[in-house]
Amino acid sequence: MASSELVSVYFLFFSDEKKKSLLTSVPNGLSHLSSDRPALNYLSYLKYVDFKKVYKAVRMWLRTKTLLEPFCSEFKRRQIALTNRIVTELGRIFTAGYARLDRLSLDIRYFEYNPKDDEVDCLSWPCYPGACVSLSDLREFLCGGQFMKNRILLSMAEICKDIEILSIHESAETSPEMLAEFIKAQRRLIKFTLTNWSSEILEILSSLRKQARTLKYMELIRCIFPRNEDYTKLFRGLAECRNLQTLKLEQCQHLSTKLMKPLAEASFEKLQTFIIDTEAVSDPPTTEIKAIIQNSRESLINIGLNVNLSLYADIMETIATFCPNLLNLSVTIERDSEMQQLITLFRSCTNLVELKIPKKWKLFEVKKSLVELGNALPSTLKRIELDGLKFSHETWEEFLDMCPGSINHFAFNCFSKSIFVKIVEKYGKRYSKSIKNEEMLDQTWLPVQVTVDLNN
């Protein structure tokens with residue numbers, strides 16, 4: 001059933017007063033709907049609600065009910081106001097005690113939702129009276145967008161105690177104390193993602209100490225870390241999470257050696273994935289990153305280093321020494337010396353399945369070193385993405401001549417599609433493989449990053 005049609009089903013659960021009000025607003029489109037509640041209580045089967053999908057479904061549903069009306073700015077304004085009323089009412093029935101949700105998403109990023117000051121804020125679903133029952137079993141919560149989240153977090157901290165997966169996107173003047181208290185209220189937080197946080201962050205990260213036993217996944221994206229006297233305390237709470245399996249620090253600012261020191265002293269013996277993507281700082285955390293890799297012993301199988309390798313001396317050698325079980329590697333290459341370090345790495349890391357060389361600042365042009373890389377790649381490799389490199393089709397052919405026959409996925413910068421793709425096709429034929437996304441390649445414009453997948 002189309003999502004917009006589900007609105008017709010849930011409309012039947014509205015109060016008689018609300019139905020009459022809506023019928024007055026859209027008499028031609030809603031008059032045919034039944035006024036009786038369905039015999040089957042669909043709400044009792046509801047386990048997941050996504051605000052964005054609900055809102056879009058209501059907009060689509062209303063549009064189908066008003067196709068005969070001329071579309072103009074005033075019509076759109078009235079439809080948006082009516083959508084807000086319907087979504088608000090849907091929130092009431094979703095939290096009326098009939099439903100027991102496992103997952104809730106209040107995410108309005110990349111989405112047109114701007115209620116006026118005199119309109120009810122549809123995002124306040126968790127604050128409705130029935131939420132104390134319908135959200136009590138919630139396991140996953142996502143909240144994102146440019147709006148203050150204090151009221152929602154305050155309400156949910158009283159109701160939800162068993163959140164396992166928490167994602168917060170955009171600080172937007174949200175109180176760090178309220179987010180910290182929400183985290184502390186949880187009994188077994190397993191995964192925490194924080195994105196675009198520009199407010200104070202110390203109290204939030206310190207609250208993770210309460211989740212030291214259960215936290216396994218930590219991701220910080222585009223967060224701004226402080227440079228004041230408290231910076232050495234920032235990661236002390238996270239450092240106590242000894243069962244951590246995934247640590248991602250992506251595009252965060254001011255990630256310095258002093259800031260990372262608590263993580264370097266931590267014992268992450270179960271860490272499987274470590275990704276760091278940061279800009280150049282005056283005191284890069286070289287020693288600290290090496291210590292994290294060393295302390296994880298042989299558990300690390302996924303590593304991402306989107307950094308300026310010239311500032312991180314011997315980091316590739318550290319990976320080669322302490323990560324013999326490495327399966328996936330993403331590393332920025334901007335110099336021939338760094339390419340040589342990568343080639344040397346494969347003398348020790350012989351089980352690699354995926355290699356990525358992403359673009360950081362600009363494309364790095366390679367010739368002979370790319371051919372040497374092809375000769376060094378392990379026979380276990382299945383996927384290779386060279387988005388950060390630039391090379392001629394002659395070099396590309398020499399490279400593929402040296403590559404093992406195990407690779408089924410290529411991504412690269414293409415300046416002459418027919419030549420580059422034909423070279424991949426030739427490589428595939430050598431190992432009895434064919435291109436399986438040929439139709440998509442025909443629609444590609446150049447120059448572009450091309451992806452070629454092979455059938456076995």
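Just the heavy atoms: all of them, side chains too, but no hydrogens, waters or symmetry mates, feed the values below.
Take Asp137 and apply the salt bridge (Lys or Arg N to Asp or Glu O under 4.0 Å) test, not counting sequence neighbours, and it matches Arg100. Not a single salt bridge (Lys or Arg N to Asp or Glu O under 4.0 Å) links Lys429 to another residue, sequence neighbours left out. Residues that satisfy the salt bridge (Lys or Arg N to Asp or Glu O under 4.0 Å) test with Lys47, not counting sequence neighbours, are absent from this structure. The side chain to side chain donor-acceptor pair (under 3.5 Å) test applied to Tyr312 returns no partner, not counting sequence neighbours. Contacts of Phe192 classified as ring pair (Phe, Tyr, Trp, His ring centres under 6.0 Å), with partners at least two apart in sequence or in another chain: none. In this structure, the ring pair (Phe, Tyr, Trp, His ring centres under 6.0 Å) partners of Phe412, at least two apart in sequence or on a different chain, are Trp396. Looking at residues two or more places apart in sequence or on another chain, you find no side chain to side chain donor-acceptor pair (under 3.5 Å) involving Asn455. Applying the salt bridge (Lys or Arg N to Asp or Glu O under 4.0 Å) criterion to Glu338, with sequence neighbours excluded, gives Arg335. Checked against side chain to side chain donor-acceptor pair (under 3.5 Å), Asp162 has the following partners two or more places apart in sequence or in another chain: Arg187. Applying the ring pair (Phe, Tyr, Trp, His ring centres under 6.0 Å) rule to Tyr48 yields no partners; only residues at least two apart in sequence or on another chain are considered. With sequence neighbours excluded, the residues forming a side chain to side chain donor-acceptor pair (under 3.5 Å) with Thr395 are Ser392, listed by chain and number.
By the neighbour-count criterion of 12 heavy atoms within 6.0 Å, atom CD of Glu173 is sparsely surrounded, having that number or fewer from other residues, nucleotides or ligands. Shown here is Lys216, whose NZ atom has no more than 12 heavy atoms of other residues, nucleotides or ligands within 6.0 Å. Surrounding NZ of Lys248 are more than 12 heavy atoms belonging to other residues, nucleotides or ligands, all under 6.0 Å away. Heavy atoms from other residues, nucleotides or ligands lying under 6.0 Å from NZ of Lys261 number 12 at most. More than 12 heavy atoms of other residues, nucleotides or ligands lie within 6.0 Å of CD in Glu177, so this atom counts as buried by the packing criterion.
Leu215 and Lys191 get closest at one heavy-atom pair: CD1-N, 4.1 Å. Val450 approaches Val421 most closely through the heavy-atom pair CG1-CG2, 4.4 Å. Across His393 and Ile423, no two heavy atoms sit closer than the pair O-CD1, 3.4 Å. Summarising the geometry of Pro378 relative to Thr350, their closest heavy-atom pair is CB-O, 3.5 Å, with the distance given to 0.1 Å. For Asn328 against Leu352, the heavy-atom pair with the smallest separation is N-CD1, 3.8 Å. Between Leu189 and Ile165 the shortest heavy-atom distance is CD1-N, 4.3 Å.
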Which donor-acceptor pairs under 3.5 Å do side chains of residues 234-246 form with protein atoms, sequence neighbours excluded?
{"unit_1": "Glu240", "atom_1": "OE2", "unit_2": "Arg209", "atom_2": "NE", "d": "2.7"}
{"unit_1": "Asn243", "atom_1": "OD1", "unit_2": "Lys270", "atom_2": "NZ", "d": "2.9"}
{"unit_1": "Asn243", "atom_1": "ND2", "unit_2": "Arg213", "atom_2": "O", "d": "2.8"}

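Salt bridge annotation for Glu385-Arg383: present, with a cationic side-chain nitrogen under 4.0 angstrom from a carboxylate oxygen. With salt bridges taken as basic N to acidic carboxylate O contacts below 4.0 Å, one links Arg109 and Asp107. At a threshold of 4.0 Å, the pair Glu397-Lys426 counts as salt-bridged, since one of the basic side-chain nitrogens sits closer than that to a carboxylate oxygen. Under a 4.0 Å N-O distance rule, the pair Glu164/Arg188 qualifies as a salt bridge.
A distance-only check finds no donor-acceptor pair linking the side chain of Thr195 to the backbone of Ile221 [under 3.5 Å]. Looking at Ser155, its side chain does come within 3.5 Å of a backbone N or O of Pro126 through a donor-acceptor pair. Under a 3.5 Å cut-off, the side chain of Asn150 and the backbone N or O of Ser175 do form a donor-acceptor pair.
Between Phe391 and Phe420, the ring-plane angle classifies as tilted under the 30° and 60° cut-offs.
The distance from atom CD1 of Ile301 to atom CD of Gln272, rounded to the nearest 0.5 Å, is 4.5 Å. To the nearest 0.5 angstrom, Leu104 atom CG is 6.0 Å from Leu135 atom CG. In this structure, the separation between NZ on Lys360 and CG on Asn308 is 9.0 Å, given to the nearest 0.5 Å. Here the CG atom belonging to Leu208 is positioned 10.5 Å from the NZ atom belonging to Lys184, to the nearest 0.5 angstrom.
Phe274 has its ring centre no less than 6.0 Å from the ring centre of Phe268.
Contact annotation: the side chain of Leu220 never approaches that of Glu250 to less than 4.5 Å [non-hydrogen atoms, C-beta and beyond]. Counting only heavy atoms from C-beta outward, the side chains of Ile163 and Phe182 approach each other to under 4.5 Å. Using a 4.5 Å heavy-atom threshold, the side chains of Ile315 and Ile293 count as touching. Phe364 places none of its side-chain heavy atoms less than 4.5 Å from the side chain of Ile357.
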